[in-house]
Structures are given as C-alpha cells and as structure tokens.
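Here's the structure, in structure tokens; my notes come after.
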Amino acid sequence: MNTNSSLSHRSKEPENSILYIVGTPIGNLNDLSIRAINILKNVSLIACEDTRQTLKLLNKYEINNTLLSFNMHNAKSRIPKILQILKNKESVALVSDAGMPGICDPGEDLIKTVKLNELEVICIPGPCAAITALVSSGLPSSSFIFMGFLPKKKTERHKVLLEISKSEKTIIIYESPNRLKKLLVELREYCGGDTEIQVYRELTKIHEENVGNNLNMVINFFEDQDVKGEITLVVKGIEKTKKELNYLDLKKELLELISAGLSLPAASKYLAKKKEIKKSIIYSLYGEL
Ligand code: SAM
C-alpha cells in the first residue's frame with residue numbers, strides 16, 4: 001500500500017521494485033535533469049518507446065544500460081514482463097521518445113497495472129510540450145484543458161470542437177504539421193476568427209517558433225507555408241459573458257426563424273452563413289432548445 005510517509009524521503013535512488021517514470025527532453029537534449037540521469041544510469045532496465053531514439057539520449061550522457069522496447073504495439077506482452085522484473089526486486093525506468101511518458105505516449109496501462117499490483121511508481125518530472133506551450137503563451141494557465149490530438153472521426157471531432165468553442169478554460173492541442181492548416185480552419189469555424197491562439201513549433205529546438213495572435217492572423221501566416229516540425233496549439237477560452245451572450249443570441253435568432261416558418265435546415269443554413277460558423281453547430285444548439 002502506498003503511504004505519504006513512504007514517498008517522503010529517498011536517501012538512495014533508484015530503489016528496488018520501483019517503476020520510475022522519467023521525463024526526457026522534447027527537443028533540446030540538455031533538458032535532462034541530474035536526477036533523471038542518475039535513474040537512467042542505475043536502474044536495472046530502461047523501457048523505452050523506440051530504442052534508437054533513447055540511445056541518442058543515453059549516448060550524450062554516456063549512459064550504458066539495458067533497453068527494452070515498450071510501445072503501443074507490444075505493450076500487452078511487455079507489461080507482464082516488466083511486472084515480473086519489478087517483483088524480482090529490480091528497478092525499471094520508463095521513458096518515451098520525448099517528454100513525459102503517458103502524455104499522448106505509452107505508459108498509462110503499465111503504470112495502472114504496476115499500481116494495481118501494489119508496487120510503487122515514482123515520477124522523475126521533465127519537459128512536456130503541453131505545459132511548455134501553455135506557460136509560454138501568456139494565456140490563462142491556472143486552469144486549462146489538455147485535449148491531446150483531436151479525434152479523426154467526424155462525429156467525435158465535431159463534439160470535441162464544439163466543446164472547445166464553449167470552453168471558458170484555455171485549451172491545449174497537439175497536432176501534426178500536415179494537419180495544422182485544416183485544424184486552424186476548423187477552429188475558426190467553431191470559435192470565430194478573433195479567438196486568441198498561440199501556435200508553437202519545434203519547442204526547445206533550433207528552429208523554435210511561436211506564431212500567435214488570433215485565428216485569422218495565424219491562418220494567414222501559415223497559408224502559403226509547407227509546415228514542418230512538431231506543433232502544439234494553445235487556444236484562449238471564451239469569456240463567460242461573451243459565451244452566454246453569443247449562444248443566447250444565436251438560440252433566440254434560431255427560434256425566431258423557425259417560428260417565422262423556416263425549416264431547421266433552412267434556418268441553420270441562413271444562420272451558419274451569417275455567423276460564419278458550421279451548420280452542425282446550429283443543429284446542436286437546436287437540440288438544446
Ligand atoms: N509525451 C510528449 C509530451 O510530454 O509532450 C508528447 C508526445 S506526442 C506523441 C507528440 C506531440 O507532442 C507532437 O505531435 C506535438 O504535438 C507535441 N510536441 C512534442 N514535442 C514538441 C515540440 N518540441 N514542440 C512542439 N510540440 C511538441
């Protein structure tokens with residue numbers, strides 16, 4: 001059983017039978033903590049997403065340790081193996097290709113299983129693209145929603161985009177460079193072109209770039225570009241009063257059009273054009289009437 005006191009003081013690391021979740025750099029290899037180096041040097045085994053990627057990091061720090069590939073394709077067979085290693089009083093470090101394991105990276109199921117088996121899990125915190133982007137953005141950071149990668153399926157994506165458009169909290173999104181422009185246009189359709197956004201490309205790397213202001217400007221900026229590198233977006237939540245007004249007004253207008261005899265599809269088409277938003281947004285509002 002885990003207790004606070006058992007976690008409060010560590011005289012010697014790593015300890016036996018502990019799974020260490022180790023945060024690694026998201027680009028700049030200098031962003032590895034001294035504590036992380038010690039753990040990676042001295043655990044019995046390092047479970048990593050891609051051995052070639054982790055080797056680059058280990059070589060830089062002259063760490064010579066055993067690697068075990070652990071990714072979404074082999075997790076099912078690897079979890080019992082890692083569990084057995086921990087039960088045999090050995091220690092294991094879990095790393096991903098970049099950043100914090102478990103954040104859009106493998107780890108969640110392993111950590112859950114280790115805890116279910118009443119073994120200890122200790123995190124050696126490190127960089128995370130989401131948090132790096134959020135704190136750099138200047139947008140409200142005391143409360144936020146991390147969306148990760150948006151779903152690709154149309155209905156699920158619509159639901160999430162609608163949630164984003166109604167959120168009062170800052171939203172963090174991961175996206176691949178080839179899908180960035182499509183996502184920006186969708187965000188404009190759902191949230192409006194004047195919504196504040198900060199886009200981060202290649203954080204901590206040589207070509208680190210921040211493009212920000214509002215969605216209209218960011219869309220213009222990327223329009224003619226062949227976007228490359230890793231991307232994180234931070235979107236400002238809607239102000240409460242604005243949100244209530246927008247949706248109340250929209251609902252009111254929709255009701256008026258329908259009472260005046262327009263069908264739902266016709267009223268939605270008209271309002272979508274007028275407000276420059278998707279028809280599906282109006283349909284979902286109709287469901288709330
Ligand atoms: N575990 C990682 C973390 O803690 O941030 C995230 C891994 S996820 C598979 C990879 C995504 O994270 C990228 O597609 C991108 O959206 C974001 N990302 C990772 N590194 C980044 C960087 N250097 N700059 C901007 N975004 C980054």
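In listed order, ligands and their atoms are each counted from 1. Just so it is clear, the model here is predicted, and its values are computed rather than measured. Positions are given from 1 along the sequence. The analysis underlying the following values was restricted to heavy atoms, covering all of them including side chains, and did not include hydrogens, waters or symmetry mates.
- At least one side-chain heavy atom of Pro265 sits less than 4.5 Å from a side-chain heavy atom of Tyr283.
- Among protein heavy atoms, atom 2 (C) of ligand 1 sits closest to Ala98 O, 3.3 Å.
- Closest to atom 6 (C) of ligand 1 among all protein heavy atoms lies Ile103 O, 3.4 Å.
- Phe146 and Leu233 fall into different hydrophobic clusters, where Ile, Leu, Val, Met, Phe, Trp and Tyr residues are linked whenever their side-chain heavy atoms come under 4.5 Å apart, directly or through other members.
- Nearest to atom 7 (C) of ligand 1 among the protein's heavy atoms is Asp105 OD2, 3.4 Å.
- Two residues are said to be in side-chain contact when any heavy atoms from C-beta on lie closer than 4.5 Å; Leu32 and Thr24 meet this criterion.
- Within the 4.5 Å cutoff, the side chain of Leu83 has heavy atoms near those of the Leu119 side chain.
- Shortest contact from atom 14 (O) of ligand 1 to any protein heavy atom: Phe149 CZ, 3.3 Å.
- The shortest distance between side-chain heavy atoms of Lys60 and Asn30 falls below 4.5 Å.
- Residue Ser96 places no N or O, backbone or side chain, under 3.5 Å from any N or O of ligand 1.
- Counting heavy atoms from C-beta outward, Thr232 and Ile172 have side chains that approach closer than 4.5 Å.
- Scanning all protein heavy atoms for the shortest distance to atom 22 (C) of ligand 1 gives Leu203 N, 3.5 Å.
- Compare Leu180, Asn28, Ile231 by their heavy atoms: the one nearest to atom 16 (O) of ligand 1 is in Ile231.
- Remark: ligand 1 and Met100 share an N or O pair separated by less than 3.5 Å (distance only, no angle test).
- Distances below 4.0 Å separate heavy atoms of Gly99 from the following atoms of ligand 1: 3 (C), 4 (O).
- Under 4.0 angstrom from ligand 1, the non-hydrogen atoms of Lys205 all belong to its side chain.
- Summary of contacts: the protein heavy atom closest to atom 5 (O) of ligand 1 is Tyr174 OH, 2.7 Å.
- Using a 4.5 Å heavy-atom threshold, the side chains of Glu120 and Glu15 count as separate.
- Scanning all protein heavy atoms for the shortest distance to atom 20 (N) of ligand 1 gives Glu230 OE1, 3.4 Å.
- For ligand 1 and Cys128, the ligand atoms under 4.0 Å from any heavy atom of the residue are 4 (O), 5 (O).
- Phe222 places a side-chain heavy atom less than 4.5 Å from the side chain of Leu180.
- Of the protein's heavy atoms, Ala129 CB, 3.4 Å lies nearest to atom 18 (N) of ligand 1.
- Around the CD atom of Glu108, the shell of radius 6.0 Å holds no more than 12 heavy atoms that belong to other residues, nucleotides or ligands.
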